[in-house]
Amino acid sequence: MLPGLMQTTPLQISAILRFAATAHGDREIVSRLIDEPIWRYDYAALERRAGRLARALVTLGVAPGDRVSSLGWNTHRHLELFYGVTGMGAVLHTANPRLAEDQIAYTIQHAGSGVLFFERNMLALVERLKPHLGQVRHYVMLSDDARLDPGTVGATGYEALLAGQEDGFAWPVFDENSAAFLCYTSGTTGDPKGVLYSHRAVVLHAMAGGLNSALGFSAFDVIMPCSSLYHATAWGLPFIALINGCKLVLPADKMDGASLHELIRDEGVTFSGGVPTIWTMYLAHLEATGGDAGTLQRLVIGGSAVPRAMAETFQKRYGVVVRQLWGMTETCPLGVVATPTPKLADEGEDYLDEVIWTRQGRLQFGIELKIVDEEGADLPHDGEQSGALMVRGPWCVQRYFRAEEDAADADGWFDTGDVATIDAYGFMRITDRKKDVIKSGGEWISSIDLENVAVACPGVKIAAVVGIFHPKWEERPLLAIETHEGVTVSEAEVRDFLSTRIVKWWMPDAVVFTPVPLTATGKIDKKVLRDRYRDHLAG
């Protein structure tokens with residue numbers, strides 16, 4: 001091989017920050033906070049404060065490769081950790097405050113963190129966790145000095161920490177394969193597993209994420225991430241936004257419909273993304289108040305399948321284009337995005353909407369997909385045959401943190417745990433999780449397809465389908481429904497709605513009305529439902 005004669009500048013997260021501060025230094029960042037006034041500054045000030053943070057970490061004894069944990073919401077201070085911690089060569093572990101407390105403690109200890117940054121309204125949680133965090137030496141509250149409450153953990157104030165440092169940190173240059181973020185899976189089956197993102201993976205992911213085939217940003221966009229910063233780096237939006245010079249609006253932990261509507265209206269938000277439950281609340285707010293979507297133009301929804309009724313409501317009533325996204329912590333997390341192509345457009349608007357609203361997305365440069373049968377043989381991309389979904393690429397996991405064996409096979413393929421089809425247009429459609437697909441009398445029922453039909457029933461807020469034991473058919477579907485507040489829906493109404501929209505043998509054997517449990521990342525917690533209703537049909 002003849003070596004190329006080009007420069008080999010490492011791909012580092014600090015380079016994104018330096019670029020944004022230079023090329024888009026006055027682009028605004030707006031941040032809600034827990035109990036403080038809205039914070040406003042720009043990319044140039046972000047770099048200055050991230051540099052001060054990096055200096056402060058050195059004074060706390062943090063060295064390159066060390067882990068620093070955060071328990072933070074979507075705020076400007078948490079954003080500064082994204083750049084200050086990783087930029088000086090340390091690793092930021094974004095702990096998930098929605099996990100069970102023993103799992104939060106497990107991830108912080110497993111990460112080996114010596115410093116914990118946390119929000120003011122998490123002080124009581126941190127005080128309960130402290131006896132289990134023997135490795136943590138320093139606690140820092142993400143608060144201004146006036147509201148600092150050190151509590152029993154003796155926390156230092158974040159603003160005081162930065163105030164004692166000078167501007168002008170010189171970002172070090174190091175190997176692009178160095179670790180940057182440690183993100184843990186939600187731990188619904190056993191202990192959470194750590195996925196250790198490299199600088200190279202994060203930068204490549206951010207460059208690909210802004211492409212027209214993916215999220216399609218420009219410097220005119222105003223982005224409000226409603227995917228949590230602690231969950232797979234908020235889908236990479238803190239990096240994609242800076243690369244493209246977008247205004248950034250951070251909603252803290254206030255994800256209710258009224259709070260989001262206020263930010264969209266006041267800050268001119270054009271793009272947002274998050275799990276379906278957030279947008280269910282937002283639509284309910286618009287319906288109740290008679291409001292409109294303001295400047296909002298595009299939504300990307302992921303985490304679970306987007307109900308078609310939701311996509312239709314956004315697009316036809318409010319003029320907001322909805323696109324699905326699929327990914328996972330193990331893919332940094334972007335996998336596919338449902339964006340249109342000329343071939344689909346040629347088939348007409350109805351066909352285009354059908355594909356866009358019922359598929360998770362199409363192939364993106366940087367991620368390879370394939371589906372395989374139970375013997376591991378490749379299946380055709382015909383949109384009909386479904387199999388285990390496998391992925392590989394430069395921002396896919398190779399091995400979990402502290403694991404002894406690779407998570408990917410010898411050829412780099414990682415088994416996602418999803419069952420999917422891929423069609424001739426390159427669009428992938430999740431038909432189920434392996435553990436959630438329902439086997440009834442030797443035939444398969446897709447819980448996702450059944451949920452997507454049921455959630456369109458008037459009055460239904462969330463629909464969840466699980467397979468439970470049946471003495472004759474092995475498994476049969478149980479449909480759990482959470483209605484909108486103040487709305488009453490009967491089982492007969494649900495069954496009547498389903499009867500003309502699904503095949504007869506898919507009809508659930510039981511319909512229950514109950515608050516639907518959610519996981520720490522906002523997905524339906526089917527494990528809880530299966531355990532709760534395990535013997536519902538046994539008699």
Side-chain angles (χ1 to χ4, degrees), residues 13-14 33-34 36 46 48-73 75-97 99 101-167 169 171-172 178-184 194 196 229-230 233 401-402:
I13 292 169
S14 59
L33 297 164
I34 304 309
E36 301 173 40
L46 169 62
R48 286 196 299 273
R49 284 173 57 89
R52 286 190 167 205
L53 171 62
R55 287 183 183 276
L57 290 170
V58 173
T59 66
L60 294 179
V62 176
D66 287 351
R67 273 77 67 201
V68 171
S69 287
S70 63
L71 280 166
W73 306 121
T75 69
H76 76 286
R77 294 186 182 114
H78 203 182
L79 179 70
E80 289 163 8
L81 295 181
F82 272 48
Y83 286 99
V85 174
T86 63
M88 60 87 65
V91 179
L92 180 62
H93 160 229
T94 51
N96 185 340
L99 290 175
E101 290 186 15
D102 61 334
Q103 290 185 322
I104 299 173
Y106 169 82
T107 62
I108 296 172
Q109 284 295 94
H110 189 263
S113 292
V115 182
L116 174 60
F117 290 82
F118 65 95
E119 300 283 4
R120 177 173 147 77
N121 61 357
M122 295 188 201
L123 175 59
L125 168 64
V126 172
E127 287 178 326
R128 293 193 300 271
L129 292 175
K130 184 179 180 181
H132 309 288
L133 305 180
Q135 297 177 83
V136 176
R137 305 182 307 275
H138 303 285
Y139 291 84
V140 181
M141 181 178 285
L142 295 167
S143 174
D144 64 4
D145 297 339
R147 295 166 180 82
L148 173 64
D149 180 354
T152 60
V153 299
T156 302
Y158 182 82
E159 292 302 329
L161 191 68
L162 265 59
Q165 306 300 323
E166 296 179 356
D167 290 333
F169 184 77
W171 301 106
S178 300
F181 286 91
L182 181 55
C183 300
Y184 282 80
L196 194 58
L229 290 180
Y230 59 73
T233 70
F401 184 54
R402 299 193 190 279

Quiz item: Is there a donor-acceptor contact under 3.5 Å from the side chain of Arg55 to the main chain of Gln165?
Solution: no
Practice problem: Please name the pair of heavy atoms, one in Tyr230 and one in Gly72, separated by the smallest distance, quoted to 0.1 Å. | Solution: CD2-O, 3.5 Å
Quiz item: Rounded to the nearest 0.5 Å, what separation is found between the CZ atom of Arg147 and the CG atom of Asn121?
Solution: 13.0 Å
Self-check item: Pairwise distance CG(Leu92) to OG(Ser113) - rounded to 0.5 angstrom
Solution: 8.5 Å
Practice problem: Give the minimum heavy-atom separation between Leu161 and Ala56, together with the two atoms involved. | Solution: CG-CB, 3.6 Å
Quiz prompt | Donor + acceptor pair across side chains of His78, Ser70 (<3.5 Å) | solution = yes
Practice problem: Provide the full list of ring-ring contact (aromatic ring centres under 6.0 Å, His included) pairs with a residue in residues 104-126, sequence neighbours left out, each pair given once. | Solution: Tyr106-His110, His110-Tyr184, His110-Phe401
Quiz item: Is the shortest heavy-atom distance from the side chain of Asn96 to the side chain of Thr107 under 4.5 Å?
Solution: no
Exercise. Just jot down the ring-ring contact (aromatic ring centres under 6.0 Å, His included) partners of Tyr158, sequence neighbours excluded, or say none.
Key: none
Practice problem: For residues Gly134 and Gln109, report the shortest heavy-atom separation together with the two atoms involved. | Solution: N-OE1, 3.5 Å
Practice problem: Any chance you could measure Leu142, atom CG, to Leu148, atom CG, to the nearest 0.5 Å? | Solution: 11.0 Å
Exercise. Nearest 0.5 Å please: distance from the CG atom of Asp144 over to the CG atom of Leu33.
Key: 8.5 Å
Exercise. Please determine if Glu159 and Arg49 form a salt bridge, counting it only when a charged side-chain N lies under 4.0 Å from a carboxylate O.
Key: yes
Quiz item: Got a second to check how far Leu162's CG is from Arg48's CZ, nearest 0.5 Å?
Solution: 12.0 Å
Quiz item: Side chains of Leu196 and Val91: does their closest heavy-atom pair fall under 4.5 Å?
Solution: yes
Practice problem: Check the pair Thr75, Glu119 against side-chain contact (heavy atoms from CB on, under 4.5 Å), reporting the backbone distance first and the verdict last. | Solution: CA-CA 10 Å; Thr75 69; Glu119 300 283 4; 3.7 Å; yes
Quiz item: Has the side chain of Asp145 got a donor or acceptor atom that lies under 3.5 Å from a matching backbone atom of Ala160?
Solution: yes
Practice problem: Indicate the atoms forming the closest heavy-atom contact of Leu46 with Glu80, along with that distance. | Solution: CD1-CG, 3.6 Å
Quiz prompt | Side-chain (Arg120) to main-chain (Ile34) donor-acceptor, under 3.5 angstrom | solution = no
Quiz item: side-chain contact (heavy atoms from CB on, under 4.5 Å) between Val68 and Leu81: does it pass, once the steps are laid out?
Solution: CA-CA 9 Å; Val68 171; Leu81 295 181; 5.6 Å; no
Exercise. Write down the atom of His138, the atom of Leu60, and the distance for their closest heavy-atom approach.
Key: NE2-O, 3.3 Å
Exercise. In sequence, state the C-alpha distance, the side-chain angles, and the governing distance for Ile13 and Phe82, and then conclude on side-chain contact (heavy atoms from CB on, under 4.5 Å).
Key: CA-CA 9 Å; Ile13 292 169; Phe82 272 48; over 6 Å; no
Self-check item: Contact check, side chains of Leu71 and Leu129, non-hydrogen atoms, under 4.5 Å
Solution: yes
Quiz item: When you look at Lys130 and Thr152, which way does the side-chain contact (heavy atoms from CB on, under 4.5 Å) test go after all the steps?
Solution: CA-CA 9 Å; Lys130 184 179 180 181; Thr152 60; 5.7 Å; no
Quiz prompt | Check: Leu123 and Met141 side chains under 4.5 Å, non-hydrogen atoms | solution = yes
Quiz prompt | Heavy-atom pair with the smallest gap, counting every atom of Leu99 and Ile104 | solution = O-CD1, 3.5 Å
Quiz item: How long is the span from the OG atom in Ser143 to the CZ atom in Arg77, to the nearest 0.5 Å?
Solution: 6.0 Å
